[in-house]
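Residues: numbered from 1 along the sequence shown. Values below: all heavy atoms of this structure, side chains included; hydrogens, waters and symmetry mates excluded.
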Amino acid sequence: MAYYQRRGRVPRQRHTQLRGDDGRLYYEELMGEEGFSSDSSLLYHLGIPSALSDARAWELPDLSTTPNEPLLPRHLCLPNLFTDGTGIDVVRGRRLVLGNDDVRISYAVARDASPLYRNAVGDECVYVEAGTATVETVFGPLEARTGDYVLIPRATTHRWLPGPDGVRAYCIEANSHVVPARRYLSRFGQFLEHAPYCERDLHGPGEPLVVDETEVEVYVKHRGTGPSGLAGSVHVVPHHPFDVVGWDGCLYPYTFNVEDFMPITGKVHQPPPVHQVFEGNNFVICNFVPRKVDYHPGSIPVPYYHSNVDSDEVMFYCGGDYEARKGSGIGQGSISLHPGGHSHGPQPGAYERSIGVEYFDELAVMVDTFRPLRLGEGGRAADDGRYAWSWNRDA
């Protein structure tokens, strides 16, 4: 995000001394992407940010995956993953639903605070399906609510503190950075006029927390040599990571609420790229929001049947009543997986029922991947086993 922000105390010029009122020298840390060649921020710490007191292994939850074989469209009912209540927390309680070498999609339901956590593999984009949370970060706190995307840059130390009603979180973990669709941006990084949202809709962190505590644990997810390619460690650090007195730059966590997405509509049905909000390496994130639909007198507002041969499509249904899926058993909290190589579209009857409809009251988050997705343990547990046959009128 080439959108400059500043919080707390910083020196007048970068890479120069910053001292407290008592003369104490603060420690400058550069957090930057792509080897000093992309966005970065400078943070000023009370303690040395590299210091470690101890370390041990962290056994990550089950990240095993199995191929989608035989190749089938699937309905994954995510609420069934937490029928006994909530998980541990938003970090350690995630259940892997789908994944490949570019992105992992997990689901978590939690009321408890998470430990301090840092994803050293890639950016995280966490959609808050329901509830509220304060996400404390090394940059300052974010206030998250239902409908928020919470964007956490790679290696940002943070923790989730759910509100009184808990939080349901749809977690998209990249092996890359997650950024606004590049076609929405000028060559200098400003949102263009045709973009469906802009800088005013992005909400960065509040003032730094300036926590002066010692000997705290940080859970770190990082690259490893196991089957998933990931591993976990717990670092014990002598100074709390939230000891930042100030920072400035263009790299920081932020929230964006789906209600602020201004849908692009047309005389006939518009293809999914008009719904795009973010992108990562080999995947895109789109959202389908309540909107007026096609106004051609002969239009059919639901999607035409399509075979997107280069993509797997994952749709997370998180509000309203998705017109194209009526009669399929899909409801709030469901996922539909439509793999590349299978033509998909509306369920029987939806095509005809949509004629003359002027408004869709639906809310869904879509991830399209350009490499095949595999089923995680959560995906296997949530599969209803029936969805593939729902287009057969005789089923």
Side-chain angles (χ1 to χ4, degrees), residues 1-55 91 113-124 134-144 150-161 177-179 189 199 202-222 233-255:
M1 284 303 300
Y3 180 34
Y4 177 81
Q5 296 279 288
R6 173 176 171 168
R7 302 286 190 275
R9 298 183 57 192
V10 299
R12 190 178 69 83
Q13 292 184 306
R14 61 181 179 175
H15 313 322
T16 60
Q17 295 178 31
L18 177 66
R19 294 181 179 272
D21 295 337
D22 59 358
R24 178 181 183 178
L25 182 64
Y26 299 138
Y27 297 92
E28 181 184 64
E29 175 194 13
L30 172 71
M31 183 174 173
E33 299 176 340
E34 299 179 11
F36 300 93
S37 299
S38 189
D39 295 345
S40 65
S41 286
L42 290 168
L43 302 92
Y44 297 87
H45 293 265
L46 298 176
I48 296 174
S50 304
L52 285 174
S53 299
D54 198 3
V91 172
S114 78
L116 293 171
Y117 165 63
R118 180 187 305 144
N119 186 334
V121 180
D123 290 4
E124 295 196 356
T134 298
V135 185
E136 294 183 341
T137 82
V138 68
F139 294 89
L142 296 168
E143 298 302 327
V150 182
L151 278 293
I152 307 288
R154 178 179 179 174
T156 298
T157 304
H158 65 284
R159 66 180 170 195
W160 285 79
L161 305 175
H177 301 302
V178 178
V179 297
E199 289 86 353
L202 310 181
H203 306 285
E207 291 299 311
L209 296 165
V210 198
V211 179
D212 192 6
E213 296 177 3
T214 58
E215 303 302 322
V216 296
E217 292 184 342
V218 180
Y219 285 66
V220 184
K221 184 182 293 179
H222 53 88
S233 297
V234 178
H235 287 171
V236 181
V237 296
H239 303 284
H240 199 293
F242 298 166
D243 66 347
V244 172
V245 300
W247 64 273
D248 73 337
C250 297
L251 180 65
Y252 48 85
Y254 63 93
T255 65

Engineer: Go through it in stages, so that I can follow the logic: the residues are Val178 and Leu151, the test is side-chain contact (heavy atoms from CB on, under 4.5 Å), and I'd like the CA-CA distance, side-chain angles, deciding distance and then a yes or no.
Structural biologist: CA-CA 8 Å; Val178 178; Leu151 278 293; 3.8 Å; yes
Engineer: Roughly how far apart are Leu42 CG and Glu28 CD, rounded to 0.5 Å?
Structural biologist: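 Atom-to-atom, Leu42:CG and Glu28:CD are 4.5 Å apart.
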Engineer: Aromatic contact between Tyr117 and His158, with the criterion being ring centroids under 6.0 Å apart: yes or no?
Structural biologist: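 They qualify: ring centres under 6.0 Å apart.
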Engineer: Quick one: do the Arg159 and Ser114 side chains pair a donor with an acceptor below 3.5 Å?
Structural biologist: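 No - no donor-acceptor pair under 3.5 Å links their side chains.
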Engineer: Side chains of Gln5 and Trp247: does their closest heavy-atom pair fall under 4.5 Å?
Structural biologist: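 The answer is yes, as the side chains (C-beta and beyond) meet within the 4.5 Å cut-off.
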Engineer: Hey, can you tell me if Tyr252 and Tyr254 have their rings parallel, tilted or perpendicular (30° and 60° cut-offs)?
Structural biologist: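 Because their plane-to-plane angle is over 60°, the rings of Tyr252 and Tyr254 count as perpendicular.
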Engineer: As an exercise, state the distance from OH of Tyr44 to CG of Leu25, rounded to the nearest 0.5 Å.
Structural biologist: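 Answer rounded to 0.5 Å: 11.0 Å.
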Engineer: Evaluate the criterion side-chain contact (heavy atoms from CB on, under 4.5 Å) for residue pair Arg19 and Arg24; output intermediate values, then yes/no.
Structural biologist: CA-CA 5 Å; Arg19 294 181 179 272; Arg24 178 181 183 178; over 6 Å; no
Engineer: For the pair Ser53 and Glu215, evaluate side-chain contact (heavy atoms from CB on, under 4.5 Å) and give the outcome as yes or no after the intermediate values.
Structural biologist: CA-CA 7 Å; Ser53 299; Glu215 303 302 322; 3.1 Å; yes
Engineer: Side chains of Glu136 and Leu209: closer than 4.5 Å at any heavy-atom pair?
Structural biologist: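 The answer is yes; the side chains approach within 4.5 Å.
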Engineer: Do Val138 and His45 come close enough that some side-chain heavy atom pair is under 4.5 Å?
Structural biologist: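 Val138 vs His45: side chains touch.
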Engineer: Find the distance between CG (Leu142) and CD1 (Ile152) and round it off to the nearest 0.5 Å.
Structural biologist: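 Those atoms lie 6.0 Å apart.
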Engineer: Quick check: do His235 and Glu217 have side-chain heavy atoms less than 4.5 Å from each other?
Structural biologist: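 No, too far: nothing below the 4.5 Å cut-off.
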Engineer: Could you check whether any side-chain heavy atom of Val135 comes within less than 4.5 Å of a side-chain heavy atom of Pro141, counting everything from C-beta outward?
Structural biologist: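 Not touching, per the 4.5 Å side-chain cut-off.
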Engineer: Pro49 versus Tyr27: any side-chain heavy-atom pair under 4.5 Å?
Structural biologist: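 Side-chain contact under 4.5 Å: yes.
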Engineer: Are any of the side-chain heavy atoms of Tyr26 and Pro11 separated by less than 4.5 Å?
Structural biologist: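 Answer no - side chains too far apart.
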Engineer: May I ask you to test the Leu46-Val245 pair for a side-chain heavy-atom distance under 4.5 Å?
Structural biologist: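 Contact flag for Leu46/Val245 side chains = yes.
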